[in-house]
Amino acid sequence: MNTLLDKLNPEQKKAVTTTHGPLMIIAGAGSGKTRVITYRIAYLIHRNLCSPEQILALTFTNKAAQEMRERIESLLGEGSTRGLWIGTFHSNFARLLRNHASKIDFDSNFSIYDADDSKKIIKEVMAELGLATDLISPNAVHSMISQAKNKFVLPARFAETASDFVSEKVSEVYLKYDEVLRKNNAMDFDDLLIKPIQLFNYHPDVLNAYQERFQFLMIDEYQDTNRAQYVVSKQMAARHQNICVVGDDAQSIYSWRGADITNILGFRKDYPSATVCRLQQNYRSTRTILQVANAVIRNNKNQLEKTIFTENEVGDPVVLFESQDERREAEKVALTIRDLKLSRGMGNDQFAVFYRTNAQSRALEDALRYHGLAYQVFGSVSFYKRKEIKDIVAYLRFIVNQLDEESLFRILNVPTRGIGDVSIKKIKAIAEEGHRSAFEIISQPLQHDISPRLISALNDFRFLIEHLQDMSSKESAYEVVAELLRKTRMLELLKEENTTEANTRYDNLQEFLSLARDFSDHNPEDNSLSAFLQNVSLSTDQDNVDENESKVTLMTVHSAKGLEFPVVFVTGLEEKLFPLNPEDSSELEEERRLFYVALTRAEKKLYLSYAKNRYRFGQLLVSIKSRFLDELDESVVVTESGVKLWEKREKETERSRYDYSSYQDEAQPSVFSKSWRSKPKTAKPKSKPVVNANDAMDDGLRIGMKVQHKLFGTGKILALQGSGDARKAKVFFERVGEKTLVLKFANLLPL
DNA sequence: CTCATTAACGTTTTT
DNA sequence: CGTTAATGAG
């Protein structure tokens with residue numbers, strides 16, 4: 001351990017050995033943050049400053065937590081982290097809440113609902129309240145409620161502050177939604193953060209016990225914590241004041257889900273005695289990569305002043321790809337990976353391809369597949385969001401938590417057993433009328449007006465559930481899942497279907513089964529169904545990386561946070577994609593931080609890429625390269641062919657000047673041919689007509705016609721007026737609304 | 001009640 | 001474009 005401490009630089013050492021009192025570690029990208037956290041925990045345990053169960057470490061992902069635990073064990077030996085609470089806010093507090101659920105009127109086996117479950121309930125509630133979804137979308141309502149919860153605004157206070165019609169309605173939905181959750185003995189993700197606060201407020205003894213117990217509190221990625229997380233960590237740390245937060249304001253990328261950057265910026269106001277460590281030496285990236293990243297982030301006004309430096313080698317220049325469309329962009333990425341594998345003997349797992357939105361993965365997947373490169377996509381259609389998985393999870397939830405009727409009704413007819421919508425409605429109605437639970441009705445169907453056919457189906461279902469419930473109290477999660485699959489014949493049914501889709505589902509169920517097996521094998525102390533279920537509810541597919549085969553990583557920049565790769569491609573660097581919302585200046589800085597995060601993931605080689613055209617909503621749209629590309633340090637960026645960017649830029653400006661004049665000479669007269677400016681047509685063909693040549697004599701534009709504009713996107717012509725140079729069109733654009741354009745400059749493309 | 005076809009909808013980003 | 005929810009025929 002002592003020799004290991006020697007491997008830290010002075011500032012890292014200070015961060016590790018400053019054990020008592022508030023501590024803020026500002027950890028620049030690649031500055032060995034994970035190492036510092038793991039060493040700090042190891043140091044606390046090794047020096048006997050506390051026992052592992054007196055430490056609470058909160059991370060951003062389960063994967064990060066798991067890695068840290070492993071690293072500590074490799075430092076201190078197997079079993080050394082026993083009792084240590086390390087995990088996400090969500091999983092740690094879910095665990096805490098299970099221990100005290102009855103104090104806040106929940107059952108300890110409460111279900112955890114994900115965003116989809118929440119949205120479904122919100123939709124139902126809105127229907128019940130007679131709220132038209134075209135006025136406010138369920139999505140919007142969900143995000144408003146979630147935002148409120150993130151800020152620890154409960155329904156009562158939300159109602160007080162609701163001033164307009166919409167927020168009044170949302171407040172009704174909010175109240176009702178929470179009632180539904182409670183009725184189902186379920187919590188959503190946000191509840192896992194705010195229920196502990198309520199628990200602590202109403203039961204100071206519970207808070208007290210945890211304050212005593214957790215002498216040391218560590219929070220990673222503090223820049224991305226929200227109000228609720230802030231409050232609860234402050235509560236927990238109040239007694240010992242040994243709170244250590246680690247973060248980097250330059251990497252704050254979750255404000256959209258309520259993350260509050262002032263938590264980290266204001267840490268010293270909350271804890272005036274706080275020690276501050278700044279980790280500014282980067283051990284990850286080449287000097288070139290860092291130079292580019294620093295140049296970009298410098299454009300943000302709101303940031304703590306700091307400079308990240310490195311003693312690493314200069315490395316290769318950053319390469320910028322320009323492609324015609326996203327398919328060719330993907331092709332370039334795939335070919336580059338293939339070449340690097342051949343020329344440098346690199347493995348698939350050394351490459352990562354990033355994008356702004358999940359939808360962009362498709363073209364990349366196609367290209368990688370075409371070139372026989374194994375890849376793994378994170379996010380997108382998450383494993384846990386697939387129908388078959390959600391169905392099986394719903395079964396498990398209901399087995400564990402009989403109050404969870406949302407899950408019950410999801411699976412009552414899965415696989416189809418003759419209990420259709422009509423029957424389900426009937427059961428719901430009977431239950432509601434008699435103030436009984438739906439499962440009670442299902443269990444005693446004879447007492448109600450139910451057809452014999454349905455009774456038999458309900459009995460089958462009931463016996464199945466009771467059998468599995470019985471099992472779940474004795475056997476491991478794996479056994480229960482296996483039995484569930486056997487009894488429902490889900491696997492056989494899919495095999496019989498034998499379509500490609502059924503086969504994928506079959507594979508997914510098998511995969512789920514092996515997840516259950518892994519869990520049961522690796523958690524001998526508690527491999528119960530309910531433990532497994534909690535694990536499942538809070539995992540993302542990031543947590544289940546296939547490490548057996550070397551694969552190229554495809555993910556959004558958001559999921560890339562905290563990771564690093566030898567070779568990184570950042571794709572889709574176009575306006576309105578990355579940054580996604582260039583008009584919104586408040587979001588722009590966050591987009592830039594996101595770009596910064598992307599850049600700083602790269603260790604050796606960095607490729608940036610944009611396409612001039614891109615299909616979106618099934619339509620080919622013209623793209624403009626991202627403004628962020630103008631912020632690069634151009635002295636170290638080259639094009640595909642190896643030309644330095646600043647050299648190319650000089651040529652380009654010359655050429656574009658020439659192009660502009662030639663446009664005036666040729667294209668314009670051809671468009672406005674009646675104009676006195678008309679000059680004889682030259683024979684010289686233009687490779688890239690600015691205006692559709694077919695429209696030469698007539699501008700081809702008509703009222704009602706759909707047109708495309710470079711900046712504004714697609715729109716419909718509302719009116720045309722004037723002639724010649726003064727000819728104008730009033731166009732309604734889908735994205736930006738009504739605009740009046742001078743046709744001479746607008747370059748409208750008829751569709 | 002089930003399955004198939006059709007219409008509508010949507011893209012941020014995730015625990 | 002691709003996916004999911006809603007509708008109608010069997």
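Just so you know, these numbers come straight off a predicted model, no measurement behind them. Order of the sequence lines fixes the chain letters, A, B, ..., with proteins taken first and strands second; residue numbering starts at 1 for each chain.
- Within the 4.0 angstrom heavy-atom criterion, no nucleotide atom of any strand lies near A:Y615.
- The side-chain ring of A:W256 is stacked on the base of B:dT13, judged by centre separation under 5.5 angstrom and plane angle under 30 degrees.
- In this structure, A:K120 places its NZ atom 13 Å from C1' of C:dA5, rounding to the nearest Å.
- Side-chain proximity of A:R356 to the nucleotides C:dG2, B:dT2, B:dT12 is greatest for B:dT12.
- If you take atom P in C:dA6 and the same atom in B:dT11, they sit 16 Å apart, rounded to whole Å.
- Out of B:dT12, C:dT3, B:dT13, the shortest distance to the side chain of A:E587 is found at B:dT12.
- A:K428 forms a cation-pi arrangement with A:F409, by the criterion of a distance under 6.0 Å to the ring centre and an angle within 45° of the ring axis.
- At the heavy-atom level, A:S91 lies nowhere under 4.0 Å from the strands shown.
- Listed nucleotides: B:dC1, B:dT12, B:dT15. Nearest to the side chain of A:T61: B:dT15.
- Using a 4.0 Å heavy-atom cutoff across all strands shown, A:N139 reaches sugar-phosphate atoms only and no base atom.
- With B:dT15, C:dA5, B:dT14 as the choices, the nucleotide that has an atom nearest any side-chain atom of A:H90 turns out to be B:dT15.
- For A:F595 and B:dT12, the CZ to P distance is 21 Å, given to the nearest whole Å.
- When distances run from any side-chain atom of A:K387 to the nucleotides B:dT11, B:dC1, C:dT4, the shortest one goes to C:dT4.
- Within the 3.5 Å criterion, the main-chain N or O of A:A611 finds a donor-acceptor partner in the side chain of A:E574.
- The A:R257 side chain lies nearest to B:dT14 when the options are B:dT12, B:dT11, B:dT14.
- A:L58 has its side chain within reach of A:L56: a pair of non-hydrogen atoms, C-beta onward, lies under 4.5 Å apart.
- Across all strands, A:Q229 comes closer than 4.0 Å to no nucleic acid atom at all (heavy-atom distances).
- Residue-level contact check: A:F89 touches neither bases nor backbone, having no heavy atom under 4.0 Å from any strand.
- Between A:F578 and A:F354, a ring centre-to-centre spacing not shorter than 6.0 Å is recorded.
- In this structure, of B:dT13, B:dT12, B:dT11, it is B:dT11 that holds the atom nearest to the side chain of A:A359.
- Closest to the A:T357 side chain, of the nucleotides C:dG2, B:dT11, B:dC1, is B:dT11.
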Step by step, would you call A:Y177 with A:D188 a side chain to side chain donor-acceptor pair (under 3.5 Å)? CA-CA 10 Å; A:Y177 164 74; A:D188 65 16; 2.7 Å; yes
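- Residue contacts for A:V557: at a heavy-atom cut-off of 4.0 Å it reaches no nucleic acid atom on any strand shown.
- Across all strands, A:D114 comes closer than 4.0 Å to no nucleic acid atom at all (heavy-atom distances).
- Within the nucleic acid shown, A:T88 comes within 4.0 Å of sugar-phosphate atoms alone, with no base atom in reach, counting heavy atoms only.
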